[in-house]
Amino acid sequence: ILDWDDELPDEDWERAQWECEKADLVLVLGTSLRIEPAGLLPLKAEKFVIVNMQVTPLDGSAELIIRAKVDDVMSYVLKGLGVKEVGECAS
């Protein structure tokens with residue numbers, strides 16, 4: 001989770017950039033992409049898909065934009081992949 005006041009630790013930031021640069025596709029799930037520089041990470045990927053209810057600054061660069069709830073989209077994706085059950089996440 002990012003907020004306006006805290007930066008990612010350097011090691012995490014370097015890793016995030018590296019992962020995006022080597023990815024064929026990045027899924028951007030439920031974010032406004034307005035916190036920088038993290039919001040620019042999808043641009044480092046070959047392609048990226050945005051799943052968000054609202055418009056983001058990177059919509060024009062996305063391969064695909066899905067205006068839906070992340071939970072609904074991921075349930076559909078997991079079902080399509082044949083994943084029958086996913087454990088609950090701790091809150």
Look up atom [atom1] in [X] and atom [atom2] in [Y], then write down how far apart they are to the nearest 0.5 Å.
X   : Y   : atom1 : atom2 : answer
L27 : M74 : CG    : CE    : 6.5 Å
T56 : I50 : OG1   : CD1   : 3.5 Å
E19 : K44 : CD    : NZ    : 13.5 Å
L64 : F48 : CG    : CZ    : 11.0 Å
L58 : L40 : CG    : CG    : 6.5 Å
Q54 : D59 : CD    : CG    : 10.5 Å

Can you see which heavy atom on S32 is nearest to which on P57, and at what distance?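 For S32 and P57, the tightest heavy-atom pair comes out as O-CD, 3.2 Å.
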
Residues E46, L25; criterion side chain to side chain contact (heavy atoms under 4.5 Å, CB included); working and verdict: CA-CA 6 Å; E46 186 173 325; L25 178 71; over 6 Å; no

Does R67, at its CZ atom, have more than 12 non-hydrogen atoms belonging to other residues, nucleotides or ligands within less than 6.0 Å? yes

Kindly determine whether V49 and V28 satisfy side chain to side chain contact (heavy atoms under 4.5 Å, CB included), including the steps that lead there. CA-CA 6 Å; V49 172; V28 181; over 6 Å; no

Hey, which of N52, L29, T31 is the one that makes side chain to side chain contact (heavy atoms under 4.5 Å, CB included) with V70?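 Considering N52, L29, T31, a side chain to side chain contact (heavy atoms under 4.5 Å, CB included) with V70 is found only for L29.
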
Within one Ile-Leu-Val-Met-Phe-Trp-Tyr cluster: V73 and L78, side-chain cutoff 4.5 Å: yes

Is there a path from V77 to I66 through hydrophobic residues (I, L, V, M, F, W, Y) whose side chains come within less than 4.5 Å of each other?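 Yes, same cluster.
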
Should R15 and E11 count as an ion pair when the cut-off is N to O under 4.0 Å? no

Check for a donor-acceptor pair, side chain of R34 on one end and backbone N or O of G39 on the other, with a separation under 3.5 Å. no

Donor + acceptor pair across side chains of D72, S75 (<3.5 Å): no

Are side-chain heavy atoms of W13 and Q17 found at a separation under 4.5 Å? yes

